[in-house]
Amino acid sequence: VFNTVKGSQHSLKTRFYHVQNNFLETTDKNSLSDLLFGEYKYHGSLGRKTSLTGGLSATWSSTTASLYGNHRSFNMAIYLQGDYNPFPRVNLSAGVRMEHYQLDDEKEYSLPVFRAGLNYRVMDFTYLRASFGQGYRFPAIAEKYTTTSLATLNIFPNPALLSEKGWSGEAGLKQGIRLGSWNGYVDVAGFWTEYHEMIEFTFGIYKPDTVDVPTTDHIGFKALNVGNSRITGFDISLLGEGKVGGLPLSLVTGYTFTNPLDLNTADSLSSRTYLKYRFRHSAKADAELDIGRLTVGAALVLYSRMENIDEVFLDPVFGELILPGFRNYWQRINKGYAVWDLRILYDLSNNLNLSLIVKNLLNKEYMLRPGNIQAPRNVALRLNLSW
């Protein structure tokens, strides 16, 4: 980082990352990859009310893998953003970014993507904000070229996969609050996101044209451009600190509602229009109480039932071939879930503490994806020494 006498800043970041994965029982999942990253960034002012941030970044990677072959990629981006304060309580920002991407011999340039934002301090503890941003995502190597199988499940490559693009907007209000000894804030925001050529792993029968009758070897997942989708919703957060019975207590809570729609379906009232593997309602809460040298905390995560999954898993014939017993299990367990975590920390001295951490306290059985049962109760005892 270099700072000039006029207040401008120049920074240069570089990184080299090497990863090698070797499996003892099988070699078909071994991989070797190298990544080289560099970024130059400039930040400076134009007068008293305007600042500029711009830069250039580049990433080169080389991958040798049994799962998806040997590939090289190069990504380069140039960006510029300006921030403007026309009044003491108002901040405006706008930016643009352009990317070049090359995978092996394929080259692609993103459309210029723009972003803009507004932040307005209405009163001392009241803030309004709004933002809009475009996005562009090139397919990952794993999405285009992975070929593997696990038991009866197969993953098929899709070299013809197209880039994903879209936009998102948000409007929100942040309000500071004070009630007696309690201080905190409430944040309410609504969001709207549109995707085009959205990429999702989709279950189906993918047989070559040379095969007339499909077999289980042709059944599995492939990354596809599923078309257009829209995700709308809102979230509410409450953060606060205060005292209960003279003891300090901190509280963080949040609730999110999403309406993830597949715009390619005709009937918007059918559950089939919901994007797969998503929850409509989710909530989180975390509370921590300080009792002298003892700190006690608890966290809760809530999710509603999953609205839609690949229908083949629920098919009485194909479903039993892929995941025997799953259909009845899913009908029984897909009713939403609540998971509690607990942590207790005791300071033995200024630089020594003992902590007890319990994940999934009530040993809740739940599943986020077909065949992906989450971890049962886990208890860990940890001794921390710092100096």
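What you are looking at is a predicted structure, and each value in this text was computed from that prediction instead of being measured.
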Whether the S61 and S73 side chains hold a donor-acceptor pair (N or O, under 3.5 Å, no angle test) is what I'd like checked. yes

Let me know which of F203, F201, Y206 forms a ring pair (Phe, Tyr, Trp, His ring centres under 6.0 Å) with F221. F203

K207, NZ atom: more than 12 neighbouring heavy atoms under 6.0 Å: yes

What I'd like to find out is whether the side chain of L103 reaches to under 4.5 Å of the side chain of Y145, using heavy atoms alone. yes

Would R278 and D262 pass as an ion pair if we require N to O under 4.0 Å? no

Side chain to side chain contact (heavy atoms under 4.5 Å, CB included) for Y195 and N228? Distances and angles first, verdict last. CA-CA 6 Å; Y195 289 96; N228 301 329; over 6 Å; no

Side chain to side chain contact (heavy atoms under 4.5 Å, CB included), that's the test. Do W167 and F132 meet it? Break it down for me. CA-CA 7 Å; W167 61 267; F132 171 84; 3.6 Å; yes

Would N158 and E143 count as having a side-chain donor-acceptor pair, cut-off 3.5 Å? no

Flag the pair R343 and D286 as a salt bridge only when some basic side-chain nitrogen lies within less than 4.0 angstrom of an acidic carboxylate oxygen. yes

Using side chain to side chain contact (heavy atoms under 4.5 Å, CB included), reason through H10 and Y40 one step at a time and then give a plain yes or no. CA-CA 7 Å; H10 302 264; Y40 164 76; 2.7 Å; yes

Treating Ile, Leu, Val, Met, Phe, Trp and Tyr as nodes and any side-chain heavy-atom pair under 4.5 angstrom as an edge, say whether Y109 and F138 lie in one connected cluster. no

Does R15 count as lying over the ring of Y17, i.e. NZ or CZ under 6.0 Å from the six-ring centre, within 45 degrees of the axis? yes

Can you say whether the rings of H18 and F16 are parallel (under 30°), tilted (30 to 60°) or perpendicular (over 60°)? parallel

Note: L56 and M76 closest approach over all heavy atoms is CD1-CG, 4.0 Å

Side-chain heavy atoms of E194 within contact of W192, under 4.5 Å: yes

Do you know which two heavy atoms are closest between H71 and I141, and how far apart they sit? CD2-CG2, 3.8 Å

If you draw a 6.0 Å radius around CZ in R72, do more than 12 non-hydrogen atoms from other residues or ligands fall strictly inside? no

Does either side chain, that of T295 or that of D290, offer a donor lying less than 3.5 Å from an acceptor on the other one? yes

Heavy atoms, side chains only, cut-off 4.5 Å: are K276 and E200 in contact? yes

Search all heavy atoms of N70 against all heavy atoms of T64 and return the closest pair with its distance. OD1-CG2, 3.0 Å

Just wondering, do H100 and F74 contact through their side chains at under 4.5 Å, heavy atoms? yes

Considering only heavy atoms from C-beta outward, does the side chain of Y303 approach that of H281 to under 4.5 Å? no

Between E106 and K144, is a salt bridge (charged side-chain N to carboxylate O under 4.0 Å, His left out) present by the stated rule, with each step listed? CA-CA 12 Å; E106 298 180 43; K144 296 189 72 168; 3.1 Å; yes

We want to know whether Y79 and E39 form a side-chain donor-acceptor pair, criterion being a heavy-atom distance below 3.5 angstrom. yes

Residue pair N225 / I199, side-chain heavy-atom distance below 4.5 Å: yes

Roughly how far, to the nearest 0.5 Å, is CZ of F257 from OG of S304? 9.0 Å

Within a reach of under 6.0 Å around CG of N350, are more than 12 heavy atoms found that belong to other residues, nucleotides or ligands? no

How long is the straight-line distance from CG of N308 back to CG of L275, given to the nearest 0.5 Å? 8.5 Å

Does the ring center of W330 lie less than 6.0 Å from the ring center of F313? no

R305 atom CZ, neighbour heavy-atom count above 12 within 6.0 Å: yes

For the residue pair T126 / Q175, report whether a side-chain donor-acceptor contact shorter than 3.5 Å exists. yes

Minimum heavy-atom separation for Q81 to D83, with atom names? NE2-OD2, 3.3 Å

Straight-line distance of L224 CG to L161 CG, nearest 0.5 Å: 7.5 Å

May I ask you to decide if the ring planes of Y366 and Y337 are parallel, tilted or perpendicular, using 30° and 60° as cut-offs? parallel

Say whether S31 and N21, considering side chains only, have a donor N or O and an acceptor N or O under 3.5 Å apart. yes

Check the pair I231, F191 against side chain to side chain contact (heavy atoms under 4.5 Å, CB included), reporting the backbone distance first and the verdict last. CA-CA 8 Å; I231 301 175; F191 54 86; 4.3 Å; yes

Any chance CZ of R382 has more than 12 other-residue heavy atoms, nucleotides or ligands included, within less than 6.0 Å? no

Any luck finding a side-chain donor-acceptor pair between N353 and N384 under 3.5 Å? yes

NZ of K222: more than 12 outside heavy atoms within 6.0 angstrom? yes

Heavy-atom side-chain proximity of L361 to V358 below 4.5 angstrom: yes

Side chains of N183 and E241: is there a donor and an acceptor less than 3.5 Å apart? no

Taking all non-hydrogen atoms of both residues, which atom of E320 and which atom of G325 are closest, and how far apart? OE1-N, 3.1 Å

Scanning both residues in full, the closest heavy-atom pair of V90 with P86 reads O-CD, 3.8 Å

Checking side-chain polar atoms at under 3.5 Å, does D310 have a donor or acceptor matched by the opposite partner on Y277? yes

Using only heavy-atom distances, determine whether the side chains of E108 and Y136 contain a donor-acceptor pair under 3.5 Å. yes

I'd like to know whether NZ of K165 has more than 12 heavy-atom contacts from other residues, nucleotides or ligands below 6.0 angstrom. yes

Hey, does L289 have a side-chain heavy atom less than 4.5 Å from the side chain of P248? no

Can a side-chain donor-acceptor contact be found between R280 and Y274 if the only test is distance below 3.5 angstrom? yes

Whether over 12 other heavy atoms sit under 6.0 Å from K6 NZ: no

Can you check side chain to side chain donor-acceptor pair (under 3.5 Å) on N91 and N85, steps first, answer last? CA-CA 5 Å; N91 181 70; N85 297 101; 3.0 Å; yes

